[in-house]
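All remarks here apply to the structure that follows.
We use all heavy atoms of the structure for the numbers below, so side chains are in, but hydrogens, waters and symmetry mates are not.
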Amino acid sequence: MANVCVFTADGFEEIEGLTVVDLLRRAGAEVRMISISDGLAVKGSHGIELKADCFFDDVDYDTVDMLVLPGGMPGTRYLGEHQGLCGLLKNFASEGKKVAAICAAPSVLGKLGILEGKEAVCYPGFEEQLTGAVVCKKEVVRDANVITSRGLGTAIPFALALIAQLYDEGKAEEIRKSIIFQAEI
């Protein structure tokens, strides 16, 4: 069973965080929402409050397979200011472990040097913060151990890409079919 941490801070984008949690749990992953805020109750960027599963310091990250950063403002800024999280992200990336970010959150990875020489995407307007990345315009980009995506509208393809990386394409396709997701409108 894959073990995944999705980090939350006040002002995170609710759909980007919860879509990942929901679809990964459907795939069979153990997913914990981690609060880097003062309390477990975290208010998203659109005023939706949720309760995280635990605090940053309560997790044994040696057992974790993937770290995920949802976007949103000012949540992304708070994620990038959290020294413990930034150190953890750098360690994971340097060890070849899986890291993922969507919307504005790939800027955190860029500032940490994690995107150096890798293809990456982000929410329009944050491209300059993807330091060292080869910026492209796809919905979701997987480059080695890093997955990035553009925003709320790409949350489902992003979550499916995480499933494919943690399990395989077959599992991602199974989940896609089960939620009746079609990319066409």
Side-chain angles (χ1 to χ4, degrees), residues 2 4-9 11-29 31 33 44-46 48 65-77 79-80 89 92-93 96-185:
V4 180
C5 290
V6 177
F7 295 90
T8 63
F12 82 103
E13 168 49 59
E14 298 95 335
I15 298 302
E16 294 166 2
L18 293 176
T19 298
V20 167
V21 172
D22 181 289
L23 295 186
L24 285 174
R25 285 183 179 169
R26 288 173 192 250
V31 184
M33 295 186 318
S45 59
H46 297 94
I48 300 169
D65 299 303
M66 178 183 280
L67 307 177
V68 182
L69 306 180
M73 283 300 189
T76 294
R77 188 175 72 241
L79 293 173
L89 288 163
F92 258 63
K97 293 183 178 179
K98 298 167 185 69
V99 296
I102 185 170
C103 195
S107 65
V108 174
L109 303 181
K111 290 176 184 175
L112 296 173
I114 293 170
L115 300 178
E116 188 69 42
K118 294 188 181 330
E119 283 193 353
V121 294
C122 63
Y123 190 79
F126 284 83
E127 294 87 355
E128 288 185 17
Q129 296 178 46
L130 302 185
T131 307
V134 177
V135 179
C136 47
K137 300 232 185 232
K138 301 173 188 172
E139 284 186 348
V140 180
V141 173
R142 176 180 172 184
D143 192 330
N145 61 319
V146 178
I147 295 179
T148 55
S149 190
R150 299 194 70 200
L152 183 140
T154 65
I156 291 176
F158 176 63
L160 293 172
L162 302 182
I163 293 167
Q165 188 176 40
L166 289 164
Y167 295 100
D168 57 40
E169 294 289 337
K171 181 57 112 174
E173 180 64 10
E174 173 190 323
I175 300 302
R176 185 195 68 74
K177 286 180 178 177
S178 77
I179 63 168
I180 315 172
F181 177 71
Q182 298 174 7
E184 300 165 11
I185 295 178

Enter the distance from [X]:[atom1] to [Y]:[atom2] here, rounded to the nearest 0.5 Å.
{"X": "K171", "Y": "I163", "atom1": "NZ", "atom2": "CD1", "result": "8.5 Å"}
{"X": "F92", "Y": "L67", "atom1": "CZ", "atom2": "CG", "result": "4.0 Å"}
{"X": "T76", "Y": "I102", "atom1": "OG1", "atom2": "CD1", "result": "10.5 Å"}
{"X": "I147", "Y": "L109", "atom1": "CD1", "atom2": "CG", "result": "11.5 Å"}

Donor-acceptor pair, [X] side chain versus [Y] backbone, under 3.5 Å?
{"X": "D65", "Y": "V4", "value": "no"}
{"X": "T148", "Y": "V121", "value": "yes"}
{"X": "T154", "Y": "G151", "value": "yes"}
{"X": "E173", "Y": "A164", "value": "no"}

For residues 109-138, which residue pairs qualify under salt bridge (Lys or Arg N to Asp or Glu O under 4.0 Å), counting only residues two or more places apart or in two chains?
E119-K138
Filter on salt bridge (Lys or Arg N to Asp or Glu O under 4.0 Å), then keep only pairs touching residues 140-164, sequence neighbours left out; what's left?
none
Please name the pair of heavy atoms, one in A105 and one in L69, separated by the smallest distance, quoted to 0.1 Å.
CB-O, 3.5 Å
Check A104 against Y123 and note the closest heavy-atom contact, atom names and distance.
N-CB, 4.0 Å
Apply side chain to side chain contact (heavy atoms under 4.5 Å, CB included) to F158 and V68, showing your working.
CA-CA 11 Å; F158 176 63; V68 182; 4.0 Å; yes
Output side-chain donor-acceptor pairs under 3.5 Å for residues 11-23, partner residues at least two apart or in another chain, one line each.
residue: E13; atom: OE1; partner: H46; partner atom: ND1; Å: 3.4
residue: E13; atom: OE2; partner: I15; partner atom: N; Å: 3.0
residue: E14; atom: OE1; partner: H46; partner atom: N; Å: 3.4
residue: E14; atom: OE1; partner: H46; partner atom: ND1; Å: 3.0
residue: E14; atom: OE2; partner: S45; partner atom: N; Å: 3.4
residue: E14; atom: OE2; partner: H46; partner atom: N; Å: 2.8
residue: E14; atom: OE2; partner: G47; partner atom: N; Å: 3.4
residue: E14; atom: OE2; partner: I48; partner atom: N; Å: 3.2
residue: E16; atom: OE1; partner: G71; partner atom: N; Å: 2.9
residue: E16; atom: OE2; partner: L152; partner atom: N; Å: 3.0
residue: T19; atom: OG1; partner: I15; partner atom: O; Å: 2.7
residue: D22; atom: OD1; partner: R26; partner atom: NE; Å: 2.4
residue: D22; atom: OD1; partner: R26; partner atom: NH2; Å: 3.4

